[in-house]
*Asks:* 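Can you read through this structure? Questions will come right after.
Order of the sequence lines fixes the chain letters, A, B, ..., with proteins taken first and strands second; residue numbering starts at 1 for each chain.
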Amino acid sequence: MFVRARQDPVLTLHEEPAEAEVVSHRLMLRAGFIKKLAGGVYSFLPMGVRALRKIEGIVREEMSRAGALEVLLPALQPSDLWERTGRWDKYGKELFRLSDRHDRPFALGPTHEEVVTDLISQTVHSYRQLPVLIYQIQTKFRDEIRPRFGLLRGREFVMKDAYSFSADEDDARRIYGIMQESYARIFRRIGLDSRMVEADSGLIGGNLSHEFMILAASGEDTVLICEKCSWAANVEKEPDALACPKCGGPVSSKTAIEVGHVFYLGHKYSVPMEAAFLDKEGKEIPFYMGCYGIGVSRLLAAALEQSHDEQGMVWPPAIAPFRVSVLTLGPGMADRPEVQEAIRTLEDLWGEDVYIDDRDLRPGIKFQDADLRGFPYQVILGERNVAQGQAEIKIRRSGERLIVTLDSLAIALSDLYESDTQD
RNA sequence: CGGGGCGUGGCGCAGCCCGGUAGCGCACCUGCUUUGGGAGCAGGGAGUCGGAGGUUCAAAUCCUCUCGCCCCGACCA
């Protein structure tokens with residue numbers, strides 16, 4: 001079933017909210033995708049949650065392709081788990097802490113190494129059960145020193161986190177490689193220009209890690225990129241690199257948004273938590289671990305940082321909240337039999353991805369809203385075209401307009417989408 | 001945590017310096033006209049001026065404390 005504009009109570013704003021600085025934040029507030037509840041804490045409105053679900057969908061497909069199984073771990077975590085790795089103290093003020101009615105301390109999970117290591121240590125006892133690769137998509141909590149830029153740095157955010165458990169280092173590194181490829185594929189499918197860089201491991205730990213970066217002016221990270229070979233690194237990792245350590249070529253520095261991070265962990269968590277399995281000889285061996293994160297809600301904002309114009313959002317077709325918005329112009333247009341028939345063919349094609357703006361408003365407002373919200377395609381049904389059995393398709397990204405017959409509308413859109421999303 | 005800025009109908013703001021019945025634009029509601037790029041006219045609803053305390057005959061306005069929000073920095077996935 002398609003979605004009608006009249007079902008959504010959210011209004012777009014004509015004026016820019018004063019609280020927003022960066023473009024993605026401004027656009028999401030203005031277009032009614034999110035609404036702030038507190039600093040770094042946002043509600044996702046119908047448009048926003050749809051785009052979020054699109055990203056999640058792609059992530060799930062690619063995790064599945066990589067051989068990962070989905071789980072859902074608790075956000076509420078008892079402190080003793082965190083004490084076993086020493087992170088109850090080390091994580092500091094960024095960890096949201098609370099107590100239950102018996103004064104037992106808990107944390108709201110900022111990440112899940114402890115929980116998942118505990119889970120697997122209780123579940124996996126033999127090398128025969130390895131390797132294990134599991135992931136979840138879940139809300140994370142971090143009491144950031146300074147939340148900012150809307151979804152780019154929140155205190156509550158949606159993250160995909162995956163964890164691998166292997167019997168030896170070679171296998172752990174093999175999975176690390178699979179996840180690197182998977183991540184590159186995810187960002188490509190979403191329609192983003194991403195770059196993998198060598199990174200510092202920070203509090204998560206381990207001694208091998210790579211970040212996936214979206215180049216954008218508003219980025220909080222700085223990456224060094226070799227202009228000759230494929231080498232690239234976070235400046236935190238190579239603070240003094242004046243030339244490429246691989247080929248000696250010149251490096252340039254660019255600001256970027258971190259949207260993914262993969263870590264080789266080794267025994268960092270399995271040893272302190274005594275998480276081990278029995279090998280062929282019956283000997284107890286700690287798991288060789290890896291962990292792999294994607295900032296799902298941050299990706300939404302990062303996509304907009306990379307894809308917008310003066311009129312508003314320009315969603316990559318794969319993650320747009322709706323693939324097409326149908327604008328009926330003038331009173332009665334939405335009720336015409338030939339218009340309803342055309343909409344039915346779109347519904348057969350794309351179902352819920354069809355947004356019908358059948359509001360009884362002046363055309364200008366509908367055009368502005370459709371442009372602001374950045375649906376990839378607009379189907380414009382006005383008297384001048386419908387009277388001749390035709391419709392106009394506007395391609396948001398290029399501004400290009402096509403006239404097609406109502407009968408061929410679905411085919412034309414299907415072709416456009418295919419050519420816009422192929423790798 | 002240091003520095004700067006800001007809290008007044010849903011959004012954007014004025015009023016504060018110099019105390020005296022809370023205002024403008026947009027949005028919203030009703031009616032009529034209008035309908036291919038944010039319409040026009042007429043009418044209407046909506047704000048304990050972030051909160052607490054104080055000064056005063058009288059506080060959005062002056063004083064004290066406090067909470068929240070935004071930006072820069074330090075810090076950090």
*Asks:* Which part of the nucleic acid, if any, lies within contact of A:Phe149, taking any heavy atom under 4.0 Å across all strands shown: a base, the sugar-phosphate backbone alone, or nothing?
*Replies:* sugar-phosphate
*Asks:* For A:Asp200, which contact category applies under a 4.0 Å heavy-atom criterion: base, sugar-phosphate, or nothing?
*Replies:* nothing
*Asks:* Can you tell me, in whole Å, how much space there is between the P of B:rA58 and that of B:rU21?
*Replies:* 15 Å
*Asks:* In whole Å, what separates the C1' atom of B:rG68 from that of B:rG50?
*Replies:* 7 Å
*Asks:* I'd like the P distance from B:rG10 over to B:rA46, given in whole Å.
*Replies:* 12 Å
*Asks:* Please measure how far the P atom in B:rC49 lies from the corresponding atom in B:rA60, and state the result in whole Å.
*Replies:* 6 Å
*Asks:* So what does A:Leu329 touch, heavy atoms closer than 4.0 Å: a base, only the sugar-phosphate, or nothing?
*Replies:* base
*Asks:* Out of B:rG38, B:rC70, B:rU35, which has the shortest distance to the side chain of A:Tyr42?
*Replies:* B:rC70
*Asks:* Tell me what A:Lys394 touches on the nucleic acid: a base, only sugar-phosphate, or nothing, going by heavy atoms under 4.0 Å.
*Replies:* base
*Asks:* As a test of reading the structure: which of B:rU35, B:rG37, B:rC71 is closest to the side chain of A:Asp371, going by heavy atoms?
*Replies:* B:rG37
*Asks:* What is the nucleic acid contact for A:Leu361, judged by heavy atoms within less than 4.0 Å: base, sugar-phosphate only, or nothing?
*Replies:* base
*Asks:* Looking only at the side chain of A:Asn385 (C-beta and beyond, no hydrogens), which of the listed nucleotides B:rG38, B:rG36, B:rC70 gets closest?
*Replies:* B:rG36
*Asks:* Kindly say whether, by distance alone, the side chain of A:Glu16 makes a donor-acceptor pair under 3.5 Å with the base of B:rG12?
*Replies:* no
*Asks:* Determine the contact category for A:Lys366: base if any of its heavy atoms lies under 4.0 Å from a base atom, sugar-phosphate if only primed atoms, P, OP1 or OP2 are that close, otherwise nothing.
*Replies:* nothing
*Asks:* Has the side chain of A:Arg401 got a donor or acceptor that lies under 3.5 Å from a partner of the other kind on the base of B:rG37?
*Replies:* yes
*Asks:* Could you tell me how far B:rA39 sits from B:rC26 if I compare only their P atoms? Round to whole Å.
*Replies:* 11 Å
*Asks:* Answer with yes or no whether A:Arg148 presents, from its side chain, a donor or acceptor under 3.5 Å of a partner atom in the base of B:rC72.
*Replies:* no
*Asks:* Between A:Arg146 and B:rC72, is there a contact of a side-chain N or O with OP1 or OP2 at under 4.0 Å?
*Replies:* yes
*Asks:* What integer number of Å spans the C1' atoms of B:rG9 and B:rG3?
*Replies:* 33 Å
*Asks:* To the nearest 0.5 Å, tell me how far A:Phe149 CZ sits from A:Arg146 CZ.
*Replies:* 6.5 Å
*Asks:* Answer with base, sugar-phosphate or nothing: what part of the nucleic acid does A:Gly39 contact at a heavy-atom distance below 4.0 Å?
*Replies:* sugar-phosphate
*Asks:* With rounding to whole Å, what would you report as the distance between B:rU55 and B:rU61 at their C1' atoms?
*Replies:* 13 Å
*Asks:* May I ask you to test the A:Asp353-A:Arg50 pair for a side-chain heavy-atom distance under 4.5 Å?
*Replies:* yes
*Asks:* Output the single nucleotide from B:rG38, B:rC72, B:rC76 whose closest atom is nearest the side chain of A:Glu236.
*Replies:* B:rC76
